[in-house]
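Take a look at the structure below.
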Amino acid sequence: MTRTLSEETIALVKATVPALEAHGLDIVREMYARMFENREIRDLFNQSHHGDSGSQPRALTGAILAYASNIENLAALAPAVERIAQKHVGLQILPEHYPHVAQALLGAIKTVLGEAATPEILNAWGEAYWFLADILIARETMVYTKQREAEGGWNGWRDFRIDAVVEESSVIKSFILRPVDGQPVLRHKPGQYLTFSFEIPGHPPVKRNYSISSAANGETYRISVKREALGLASGWLHDQAAVGTVLKVAPPAGEFFLPEHTERPVVLLSGGVGLTPMVAMLEALAERGEIQPVQYIHGTHNRDTHAMSDHVRQLASAHPNFTVMDFHQTPYDDEVRGEHYDHAGIITDDWLLAHAAVNQADYFICGPRPFLRAAVSALSLAGVPSARIHYEFFGPADELLAA
């Protein structure tokens, strides 16, 4: 049964916006400190986002402020709400976890704001929290049900064995994953990710999301992982995981994916390891015999860091309507333009607008945050409708409603 927020609650929550602007980060840090006193709740989260960088607390601070500012117009937050629901499903967050968050949030507001957090303010935020929580719980229940009932689907953690390891570049390895039970796997939408719970000696469970870098085949998944300088999970995968290693995997999730049917040209634009969902999309487009023009545009440092180059070009060579354009930011002296790369330097706004079918295509973009912001901004300013600009990035979404 659909509820609505009372006018009094809306007014009270909006009245707290200045306080959230001034003290929101302190509230969120206090909230997480309270939540993480419970080990079960702590282990649900990717702790790498809660370290010294504080990326997740900043993301949630922005989310709470966005919610309060738009509480009378929640339709504006619908895409962000879907992103949260998909992330929650990947992390296996369930209805019974929500009361812990409510208690921690309201306690944090009271602690940080002190006397300014009147009973009326706390009651309003309690109502606002549960209004949003009920929306998320309903959506997450639908996703869990679809995952469970689909062919090859499951809920919770399922054991997968590493079937093969491929060194794609100096910094990226691919891992082919096959279910230990030998049964089919859920056919993912190209662009979606898997969530992993790694058991690394000396550490609590480590949660990470990795995009699936292959089209669906109903039997295996492939992830392609970049070794990060201080990455606990990526370092363990590169140094310790091998053929035969068993990993705990949640079903595919994510709101960033290629639709089943395309009516316009497609531009797949990536930087660095952001190519992983793009390769999955390119494989899917090739398999279904896409007739629309497809541009695959990728930027990396040089041939050593360039993953899957031969595979991508082989796919494109079999489809005359596919075009591949590779940028090497700092190519080696012996790299040959036209053989190892197509353009030296970075993908600039001017080049993108001049070469990427600006007012005709659907864009799918993935890569480092500065790369994403530049590309999305350039396309938006050029008049590309937001409905045709789809993007994914790794880590918390500090400019979106997050959880």
Side-chain angles (χ1 to χ4, degrees), residues 46 48-49 53 55 87 90 162 164-177 188 190-196 198 206-215 221-239 241 247 249 252-254 256-258 267-284 296-313 315 324-331 340-341 346-347 363-376 390-397:
N46 181 345
S48 70
H49 296 158
S53 67
S55 55
K87 292 291 186 184
I162 296 177
V165 180
V166 180
E167 189 166 338
E168 305 285 7
S169 77
S170 62
V171 292
I172 295 175
K173 283 185 177 180
S174 286
F175 301 85
I176 311 300
L177 310 176
H188 64 283
Q192 291 189 307
Y193 55 80
L194 297 172
T195 302
F196 294 78
F198 297 115
V206 177
K207 303 290 178 60
R208 294 292 188 274
N209 298 331
Y210 291 113
S211 294
I212 304 168
S213 61
S214 58
Y221 298 118
R222 180 179 68 203
I223 60 170
S224 301
V225 180
K226 177 186 176 185
R227 179 198 289 274
E228 300 292 346
L230 301 177
L232 175 62
S234 67
W236 181 83
L237 282 168
H238 274 253
D239 296 335
L247 307 175
V249 185
F256 173 74
F257 54 82
L258 184 77
V267 176
L268 306 176
L269 177 62
S270 60
V273 76
L275 62 80
T276 53
M278 302 305 159
V279 173
M281 293 182 187
L282 191 67
E283 288 186 2
Y296 177 97
I297 306 169
H298 178 63
T300 185
H301 290 292
N302 50 54
R303 67 164 178 256
D304 285 348
T305 62
H306 195 157
M308 299 179 160
S309 176
D310 290 342
H311 176 56
V312 165
R313 290 193 176 272
L315 286 173
V324 175
M325 285 168 277
D326 290 324
F327 284 71
H328 284 186
Q329 182 175 352
T330 52
H340 299 106
Y341 66 95
I346 63 172
I347 304 169
Y363 293 84
F364 298 85
I365 313 170
C366 188
R369 198 159 303 202
F371 173 87
L372 271 173
R373 285 178 173 147
V376 172
H390 316 273
Y391 55 93
E392 175 72 298
F393 46 84
F394 307 125

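Throughout, residue positions are numbered sequentially from 1 according to the sequence presented.
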| So, do Cys366 and Met278 sit near enough that their side-chain heavy atoms are less than 4.5 Å apart? | yes

| Side chain of Gln192, backbone of Gly254: donor and acceptor closer than 3.5 Å? | yes

| said: Please find the pair of heavy atoms, one from Ala284 and one from Leu258, that lie closest to each other, and give the distance. | reply: CB-CD2, 4.4 Å

| task | Using the test side-chain contact (heavy atoms from CB on, under 4.5 Å), find all partners of Glu228 that sit at least two apart in sequence or belong to another chain. | result | Lys226, Ser234

| Does Glu168 pair with Arg222 as a salt bridge, N-O distance under 4.0 Å? | no

| query | Taking all atoms of both residues into account, what is the closest heavy-atom pair of Ile347 and Gly299, and its distance? | reply | CD1-N, 3.9 Å

| task | Before giving the answer on side chain to side chain contact (heavy atoms under 4.5 Å, CB included), spell out for Ile223 and Tyr193 the whole-Å C-alpha distance, their side-chain angles and the decisive distance to 0.1 Å. | result | CA-CA 9 Å; Ile223 60 170; Tyr193 55 80; over 6 Å; no

| said: I'd like to check Phe256 versus Phe364 (side-chain heavy atoms, cut-off strictly below 4.5 Å). Are they in contact? | reply: yes

| field | Nearest-0.5 Å distance that lies between atom NE2 in His328 and atom OG1 in Thr300 | value | 6.0 Å

| field | Ser169 OG to Arg303 CZ distance, which is reported to the nearest 0.5 Å | value | 13.0 Å

| request: Can you measure from CG (Leu269) to CG (Leu275) and round to the nearest 0.5 angstrom? | output: 11.5 Å

| Rounded distance [0.5 Å steps], CE in Met325 versus CG in Leu268 | 10.5 Å

| query | Do Leu177 and Phe196 pass the side chain to side chain contact (heavy atoms under 4.5 Å, CB included) test, and can you show the C-alpha distance, the side-chain angles, and the key distance before you say yes or no? | reply | CA-CA 12 Å; Leu177 310 176; Phe196 294 78; 3.6 Å; yes

| What's the shortest heavy-atom distance between Ser214 and His188, and which atoms? | O-NE2, 2.7 Å

| field | Aromatic ring pairing Phe198/Trp236, orientation class (parallel under 30°, perpendicular over 60°, tilted between) | value | tilted

| task | Compare all side-chain heavy atoms of Lys173 with those of Val165 and state whether any distance is below 4.5 angstrom. | result | yes

| query | Is there a side-chain contact between Asn302 and Tyr341, using heavy atoms and a 4.5 Å cut-off? | reply | no

| Closest heavy-atom contact between Ser170 and Thr305? | OG-CG2, 3.9 Å

| task | State, without any angle test, whether Ser270 and His298 hold a side-chain donor-acceptor pair at a distance under 3.5 Å. | result | yes

| Got a sec, which residues hit side-chain hydrogen bond (donor to acceptor under 3.5 Å, both in side chains) with Ser224, two or more places apart in sequence or on another chain? | Ser174, Ser213

| Note, Tyr296 side chain near Arg313 side chain (heavy atom, < 4.5 Å) | no

| Between Val279 and Val312, is a side chain to side chain contact (heavy atoms under 4.5 Å, CB included) present by the stated rule, with each step listed? | CA-CA 7 Å; Val279 173; Val312 165; 4.1 Å; yes

| Asp239/Arg227 under side chain to side chain contact (heavy atoms under 4.5 Å, CB included): CA gap, chis, key distance, verdict | CA-CA 10 Å; Asp239 296 335; Arg227 179 198 289 274; 2.7 Å; yes

| said: Is the shortest side-chain heavy-atom distance between Tyr210 and Thr276 below 4.5 Å? | reply: no

| request: Can you sort out the partners of Asp310 under salt bridge (charged side-chain N to carboxylate O under 4.0 Å, His left out), two or more places apart, ordered by chain and number? | output: none

| Over 12 foreign heavy atoms within 6.0 Å of NE2, His311 | yes

| Side chain proximity check, Phe371 to Ile346, heavy atoms < 4.5 angstrom | no

| field | Validation row: Leu194, Asn209 side chains within 4.5 angstrom (heavy atoms) | value | no

